[in-house]
Structures are given as C-alpha cells and as structure tokens.
Amino acid sequence: MIRYHAAWLVPIADEPIHNGWLTIDHGRIVALGRRVPNDPAPGIELGDVAVMPGLVNAHTHLELSYLRDRITPSASFTGWARQIIAERRKQPQLQDPAILSAIDAAIAECLRCGTAVVGDISNTLAPFTKLVESPLAGVEFWEIIGFKIDKPDELIDHAVGELSALPATEHVRASLAPHAPYSVAPLLFRSIKKAVARMPFVPCSVHLAENVEEVELLKTGGGPWRSLMKDIGSWNHEWTAPGVGPVQYLDDMGFLDNRLLAVHGVQMSRADLARLRERGTTLVTCPRSNAHTGAGLPPVEDFYESGVRVAIGTDSLASSPDLNVFAEVATLHAIAPRVSAASLLESATIHGARALGFDADYGTIEPGKLARLVAVDVPPRTADVEEYLVSGVHPGQIRWVEP
Ligand SMILES: [Zn+2]
C-alpha cells in the first residue's frame, strides 16, 4: 500500500480536500482524507498539485488525427464537411502509415493531457487495436453512414459480426454509432437501435443538432445538406423531411435513451434539452470544434440549466487544435462563466465516464476505483482549486500519479 500527500485532492464525488492524503493498493484507491496537524504517517509528498481523476474525452475521432492543421476554419458547417470529404477521398487507405502513426501520436497526446477514458468514433476500426495496447480505456464506436440504403438490417448484422470478431478486452469496448440525422436513413437508425439493445451494455453515440443546415434539411427537405448529398451521390429521393427538429426526429423514432451520447447540441432549444433529460441521454459538448466548423457557439448555460447530464469532447484534430480536455473545459468556462467550476469538472470526469459505461472504475476518487489519477501542478497557496483547474491547464503541468 502506498500513501500520497498532496496540497489538494479533487475527488469530484465530494468537495476538494486541502492538504489531502490518499492510499493506493494494487492500482486501486483504498482511502482518502484530510491530513491533521502533526500527522506522523509517512507518505510520498506530491507537493503543490491537485490530484484528480483522469479526464474523460467523450467524443473524439482519433483516426482523423492526420488532418491536423489541414482543414481551414469554415463559416458554414457544410463548407467544413466538403473539405473533410475531399481530404478523405485523397487518402482513403486504411493501412496508410501516415494515418496510423497519427493515431499513435494522438493517443500519446491524450495521455499527456491527463485523459484516462475516450469515446472514439471510427469509420475503419483502425484505432481499436491501438487503444487496446494503450493505457487508455474507452469505447470504440464504429460509425455508420448511409442515407441511401437498401438493406439496413443486413448492413448492421454484418457490422455486429465484425465487432464481435474483435478481441475481447476489459478496458476497450466496441459499439455502433449512426453518424447524424442528415446522413443516416430512418430505417438504418432503427436497425442500429435494435442491434445495440441486443449487445451487453454498450453506449451509442450520434452527432445531433450540430448545425443549422441539419435543422433546415429536417424541417424543409432542402438547403446545403441536400445539395452536398446530391453532389456526392448520396441523396435518397424517397426520403421525406419529417418537418421537425433533430431532437424530436430521433425521439419520434424511439432513438433517445439512457445509452445514448448526443454530441454537439449547438442547435438545441430548451425544450430539446428537457427531452434529453427525460430520456436520460447524455449531451456531449465540443465548443472549440463548433467554432472551427462554423456550427457556432453552443448554448452552454442552457445545457447546464436544463439539468441534462453534460460530458465533454475535444472532437477530432480536423476541427480542434489539440486533444486537451482541460483546454475544452477552459473554453466552456469562458463561454459560460456562470456555470460552476465544480459542474464543469464533473462534466470532464464522471459524466463522461458514466455515459461510456466506465463509472465503476473511473470518473471520481473513491475507494475501490482504479487509481488512474493525475497530479496537476497548481501555484502555491491556491485558494480556489476548482476555479484554477477550469481556467486552462497545459500538458506540462500534468503527470500520472501511478504511471
Ligand atoms: Zn464528431
């Protein structure tokens, strides 16, 4: 058993503890508390640091890491999407060494930034093995796209077969994720829902209410998404617009539930957020990506006022400058200064862990959980450690308590 002393413990499950101690045995947390004056118990002195749970990056696309600095900021989301489609057509090979080495670098960056768990979206499953070999835990979501599709059940049966052929591991699970309402046909949403419901608990994920063009397509059947889909040969002439917003659209087909991570929500109204809360769906916000893609500023204060569970993602390096969840938190803090620092830290840890199905081991410092903890350098005599942690932490300040 090893005992550590730190200026601050930030357990998330409880108030921060000044002058804290923590014991770890065989990689698991045993106990924690506040040191009393003249406490003679020896321990490893970590100094002026805040010890907290490793963070959860609930939405990223590791396999897009090779696009870092190659996609310019866009004024409209479909403008950004056209750049991505063009780049991926240039370099589509699954085994491209540049793509694979960028995934390795991205995983290393996640670890340097204090991330313990990821929700990773992939079209190729290439990151799965790399995650299995890394210390990161998480869910690999195989993203399904298909707006014009004949036999959705066959496609999904095949996908489930592929997933079940992946090696079983404790710390990385695989699931399915429909891409978005504008790129997945209604019958395909239904097939995915059925398939995920049959799997032992795994979450599901969807990009939802991310951009105004998505809202326009669902309300009117027209607009920039229709043009883009026609240009790439993916438009489905039999599809008719439901005439409702994205959240109601998926709820009407029974897709919203407590397994789902709804990613972005830039265009969600308060009524939409209330609906997510009722269904137990977790909202994942990625504000830096939203700024880069032209999706705009998410209504972050509404997210938190609604009572919906909010998790945080960096999104991919095709729309985000780095994979640092602390930087994403600092952006949220700047957008919504009235949201408490404690709430933002819960979003960066336990809410993501719960949504991904990893809260038994991750997301808080509590006896019995894994000791995947980070020590973040804080200035001496820091008074409000939570405020400090949400104001921007860079990787140079972060190390793992038990590497
Ligand atoms: Zn995404």
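Indexing begins at 1, ligand by ligand and atom by atom, following the structure's order. Note that these values count all heavy atoms, side chains included, but never hydrogens, waters or copies made by symmetry.
- When rounded to 10 degrees, the angle formed at the Zn ion (ligand 1) by NE2 (H207) and NE2 (H59) equals 100°.
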Candidate pair V310 and T285, rule side chain to side chain contact (heavy atoms under 4.5 Å, CB included), full reasoning = CA-CA 7 Å; V310 183; T285 183; 3.8 Å; yes

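- A ring-centre distance under 6.0 Å is found for H61 and H207.
- Residues I17 and V10 form no side-chain contact, since every pair of their non-hydrogen atoms from C-beta on lies 4.5 Å or further apart.
- Within the 2.8 Å limit, C286 places no N, O or S atom next to the Zn ion (ligand 1).
- At least one N, O or S atom of H61, from either the backbone or the side chain, sits less than 2.8 Å from the Zn ion (ligand 1).
- The side chain to side chain donor-acceptor pair (under 3.5 Å) test with S289 singles out one residue from S319, S320, S316, and that residue is S319.
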